[in-house]
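Chain A is the first sequence line, chain B the second, and so forth, proteins listed ahead of strands; every chain is numbered from 1. Side chains are part of it too, since the values below use all heavy atoms of this structure and drop only hydrogens, waters and symmetry mates. Because the structure is predicted, anything quoted here is derived from the model rather than measured.
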Protein chains: 2
Amino acid sequence: MKKDLRIIKTEESLRKALLTLLKTKTLETITISELCRLAQINRGTFYLHYRDVYDVFRHYFEVIVEDFRKAYEKPYLNTNFNINNMTPDMIDIFNHVKKYKAFYQIIFDGKSPMTYYYLVLDTIRKFMEESLSIDNNAVYLDVDFDYLISYHANAIIGIIIELHKQNYTTPIEILNEQLIKLITNTRS
Amino acid sequence: MKKDLRIIKTEESLRKALLTLLKTKTLETITISELCRLAQINRGTFYLHYRDVYDVFRHYFEVIVEDFRKAYEKPYLNTNFNINNMTPDMIDIFNHVKKYKAFYQIIFDGKSPMTYYYLVLDTIRKFMEESLSIDNNAVYLDVDFDYLISYHANAIIGIIIELHKQNYTTPIEILNEQLIKLITNTRS
DNA sequence: AATTTTATTGTACAGTTGTTCATTATCTTC
DNA sequence: GAAGATAATGAACAACTGTACAATAAAATT
């Protein structure tokens, strides 16, 4: 059972139109009506695929999060999940974030919904789970697993939020260094 | 120069009406129109005070964040800003969060805008800044101050996010313990 | 208490939203 | 390639949105 070509065409048109509109205006000011006009899609059809404009963006961002996942994965693979052995050159996430700067500016905008944030958080969390289960010389000190992970995973995003606050100006090499120092200082 | 009584009355009516509506429906489904109907405020007047329904909620939440600030402040005052000497009984934030559970469920909802999150984050950040400037036996290991703070401040919210995920069921005593273990493990 | 300043109201308007339904177009499968 | 399935369209609807402006009401100031 293949996916209907019409569906693919419709959704692609909408996403493409969104990207076009984002060049001249902010996400929250884009209406469903103008998106459909540009995409040449009937407005009634829109609701068969997406809930609102944020939902279209989400579909887009999911692809980017997959790229984030790959970037985040790299040091885990390079160290065979002994993340303590990580070196600055293995880190790829800040490269990724800077590459998709235009998107992350939207993700971290005060008006954007939290959903995008959780997409990133869940991605990091997933890797930490694996890492902590595999990494044998980790010491847990009687801390609940879920809280431990959420604590450290969200800390990582703290760095990205700060990068956002600094308007993405901090050099990647500095960020890589900082990350290493921050997380190695974290485990005993 | 005092504040006009009419303004106070209008804004209070709107906030009160919002609280009433929140008992039966979610924030995102509440329209400006029905809010004004209930508050008996002309819809045109609404726009003189708030941008949208989320903005009214924000005004409300600002009061709650002030309470959060006080709760967060407590261990800092009790330890005279030597936060390493903190004990579980000094911690008040999880008490606070559970008390205002109904609000935090909205704050951390995927559909809610990031603004509320940043209100909390900025509050924590402010205290960490003070704490790190005052606390003399802290070792910084050549980490950029802003990144250090954002990292640790956001980590704290990670715990609250996990509490949210657990549907606010984790006992306060456990949370207090976890927090101590997590942050003492963090500084060298 | 009278005057001035400022906020609220009522009305109107064009545009958006979310939904429904019959009709048409297009894809999949046999 | 024909038949059946499914998606897209167009039109219509009531409700909501954001804004404007003149008229009115209610504050603050003197």
**Request:** Return the value, rounded to whole Å, for the distance between atom OH of B:Tyr50 and atom C1' of D:dG18.
**Result:** 18 Å
**Complete:** One should read off an interatomic distance between B:Ile124 CD1 and B:Ile157 CD1, to the nearest 0.5 angstrom, of 4.0 Å
**Asked** Tell me: CD1 of A:Ile30 to C1' of C:dT17, nearest whole Å?
**Response** 17 Å
**Request:** Assign B:Leu48 to base, sugar-phosphate, or nothing according to its heavy-atom contacts below 4.0 angstrom with the strands shown.
**Result:** base
**Request:** Ignoring hydrogens and angles, state whether a donor on the side chain of B:Asp122 or B:Tyr117 is under 3.5 Å from an acceptor on the partner side chain.
**Result:** no
**Request:** Check whether any side-chain N or O of B:Thr10 sits under 4.0 Å from OP1 or OP2 of C:dA7, and answer yes or no.
**Result:** no
**Request:** Check the distance between C:dA7's P and B:Ile7's CD1 and give it to me in whole angstrom.
**Result:** 5 Å
**Request:** Starting from C1' on C:dA7, measure out to NZ on B:Lys9 and report it in whole angstrom.
**Result:** 10 Å
**Item:** Of the listed nucleotides D:dA8, D:dA28, C:dT17, the one nearest the side chain of A:Thr45
**Value:** D:dA8
**Complete:** Here the distance between atom C1' of C:dT19 and atom NE2 of A:His49, to the nearest Å, is 16 Å
**Asked** Relative to each other, are the rings of A:Tyr116 and A:Tyr54 parallel, tilted or perpendicular (30° and 60° limits)?
**Response** tilted
**Request:** Return the orientation label for the B:Phe61 and B:Phe57 ring planes: parallel under 30°, perpendicular over 60°, tilted otherwise.
**Result:** parallel
**Request:** Please state whether the rings of B:Tyr60 and B:Phe103 are parallel, tilted or perpendicular, taking 30° and 60° as the class boundaries.
**Result:** tilted
**Request:** Send over the distance from A:Arg6 CZ to D:dA5 C1', rounded to a whole Å.
**Result:** 8 Å
**Asked** Considering only D:dT17, C:dT16, C:dT6, which nucleotide approaches the side chain of A:Thr31 most closely?
**Response** C:dT16
**Request:** Figure out the CZ/P separation between B:Phe46 and C:dT8, and round it to whole Å.
**Result:** 13 Å
**Request:** Name the closest nucleotide to the B:Asn42 side chain, picking from C:dG18, C:dT11, C:dT28.
**Result:** C:dT11
**Message:** Given C:dT6, C:dT26, D:dT17, identify the nucleotide with an atom nearest to the side chain of B:Ser33.
**Reply:** D:dT17
**Prompt:** Taking the side chain of A:Asp4 as heavy atoms from C-beta outward, which of D:dA8, D:dC16, D:dA7 is closest to it?
**Reply:** D:dA7
**Asked** Rounded to the nearest Å, what distance is computed from the CG atom of residue A:Leu5 to the C1' atom of nucleotide C:dT26?
**Response** 10 Å
**Message:** Judged by each residue's nearest nucleotide on DNA chain C, which is more toward the 5′ side, B:Arg43 or B:Glu11?
**Reply:** B:Glu11
